[in-house]
Amino acid sequence: MRIRFFSSLVTVVVFIAAAPCAASWDQWVWHLGASTATSSQSAHVGVAPEAADGYDALDRYLAIGPHACVGIFHIDGQNGWAGPTGFYWQDLRSPLPEVMGASKTWFLYTWIDTEHPEPVSWFALGWLSSSPPPDLLVTITLLAKPEGITEGPAVGTAWNLSAKPYGGVQLPPFKTSDGREGYLFALTATVIPEPASLPVIAAGLAVIGGVMRLRPG
């Protein structure tokens with residue numbers, strides 16, 4: 001089952017990458033999936049031209065059920081959020097400005113609901129992307145583990161999704177009725193220079209360095 005899960009991620013990503021105009025500054029989505037041997041659920045984070053950074057019609061509330069779960073938790077009235085308090089399986093925001101260093105972060109929890117049928121032999125969080133712009137650095141970092149969980153990746157482990165936009169991580173199974181007790185990840189997208197512009201930047205720095213050396217002491 002685990003092999004089929006990750007194989008499907010690779011298949012989908014190849015299809016998406018081949019789609020024309022997939023890499024767009026104003027519209028891209030990262031798909032994350034929580035899976036056990038018998039259940040799965042997905043979450044979508046990204047940007048869209050008609051989206052707002054706070055609550056809007058593009059944000060989708062998550063209905064918790066007897067399955068693996070992944071979602072973004074929001075509280076009504078906090079951080080500009082004006083929607084229902086709870087977990088969301090889709091959180092789309094306004095596009096990032098094309099300014100080097102500009103960034104946005106999504107905080108995602110993943111867990112297994114206590115009503116999930118036994119047994120739970122394995123649990124994983126997978127990801128794949130609809131090809132964000134090449135001059136974005138996208139990472140996902142494990143910020144916290146459930147209390148009592150010592151195995152699996154260490155807190156602080158980060159994955160470079162720009163280098164490998166599909167994949168995942170296996171996690172020790174953890175059941176809870178409160179998703180905020182689960183694993184916490186941060187997905188961050190940061191604007192970096194386009195690869196083609198790096199030689200130009202390097203040349204400019206070299207010129208500045210030469211001028212500085214020629215200045216009288």
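Numbering starts at 1 and runs along the sequence shown.
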Taking every non-hydrogen atom, the tightest pair across Leu143 and Val155: O-CG1, 3.2 Å
Residue pairs involving residues 167-178 (criterion salt bridge (Lys or Arg N to Asp or Glu O under 4.0 Å); sequence neighbours excluded): Glu118-Lys175, Asp178-Arg180
Minimum heavy-atom distance between Thr114 and Ser177, given as atom pair plus value: CG2-N, 3.4 Å
Residue pair Ile149 / Pro172: nearest heavy atoms and the distance that separates them: CG2-CG, 3.9 Å
Heavy-atom check, side chain of Tyr61 versus side chain of Pro84, under 4.5 Å: yes
Atom pair CZ/CG of Phe185 and Leu142 - distance to nearest 0.5 Å: 4.5 Å
Nearest-0.5 Å distance, CG of residue Asp135 to CD of residue Glu98: 7.0 Å
Flag side-chain contact, heavy atom, 4.5 Å: Phe123 against Ser35: no
Interatomic spacing from OG1 in Thr190 to CG in Leu96 - rounded to 0.5 Å: 8.0 Å
Rounded distance (nearest 0.5 Å) linking atom CH2 of Trp159 with atom NZ of Lys164: 12.0 Å
Any Trp28 side-chain heavy atom under 4.5 Å of Ser129 side chain: no
Thr85 side chain to Asp76 backbone, donor-acceptor under 3.5 Å: yes
Asp91 and its side chain to side chain contact (heavy atoms under 4.5 Å, CB included) partner, picked from Ile72, Leu108, Asp53: Ile72
Separation of Lys145 NZ from Glu151 CD (nearest 0.5 Å): 8.0 Å
Pairwise ring-ring contact (aromatic ring centres under 6.0 Å, His included) hits with a residue in residues 36-58, at least two apart: His31-His44, His44-Trp89, Tyr55-Trp81
Closest approach of Pro66 to Pro117 (non-hydrogen atoms, all atoms of both residues): O-CD, 3.9 Å
All ring-ring contact (aromatic ring centres under 6.0 Å, His included) counterparts of Trp30, not counting sequence neighbours: none
Exercise: identify the closest heavy-atom pair between Lys104 and Ser94: NZ-O, 2.5 Å
Cluster overlap Leu161 with Val70, hydrophobic side-chain contacts below 4.5 Å: yes
Check: Gln90 side chain, Leu58 main-chain N or O, donor-acceptor pair, under 3.5 Å: yes
Closest non-hydrogen atom pair, Ala34 against Leu125: N-CD1, 4.3 Å
Close side-chain approach of Ile64 and Glu115, heavy atoms under 4.5 Å: no
Thr188 side chain reached by Val138 side chain, heavy atoms, under 4.5 Å: no
Qualifying residues under ring-ring contact (aromatic ring centres under 6.0 Å, His included), relative to Phe107, sequence neighbours excluded: none
CA sep, side-chain torsions, deciding dist, call: Trp25, Val191, side-chain contact (heavy atoms from CB on, under 4.5 Å): CA-CA 10 Å; Trp25 262 105; Val191 179; 3.5 Å; yes
Within-4.5 Å side-chain heavy-atom neighbours: Leu171 and Pro153: yes
Partner set under side chain to side chain contact (heavy atoms under 4.5 Å, CB included) for Asn160, not counting sequence neighbours: Leu137, Ser162, Ala163
Val45 side chain reached by Leu32 side chain, heavy atoms, under 4.5 Å: yes
Contacts of type ring-ring contact (aromatic ring centres under 6.0 Å, His included), residue Phe174, not counting sequence neighbours: none
Side-chain donor or acceptor of Asp113 paired with backbone N/O of Ala68 under 3.5 Å: no
Verdict with reasoning, Trp122 to Gln170, per side-chain contact (heavy atoms from CB on, under 4.5 Å): CA-CA 7 Å; Trp122 66 274; Gln170 188 167 345; 3.5 Å; yes
Contact check, side chains of Gln41 and Leu62, non-hydrogen atoms, under 4.5 Å: yes
Point-to-point distance, once rounded to the nearest 0.5 Å, from CZ of Arg93 to OG1 of Thr105: 7.5 Å
ILVMFWY network linking Tyr109 to Tyr88, side-chain heavy atoms under 4.5 angstrom: no
Connected via hydrophobic side-chain network under 4.5 Å: Val47 and Leu136: yes
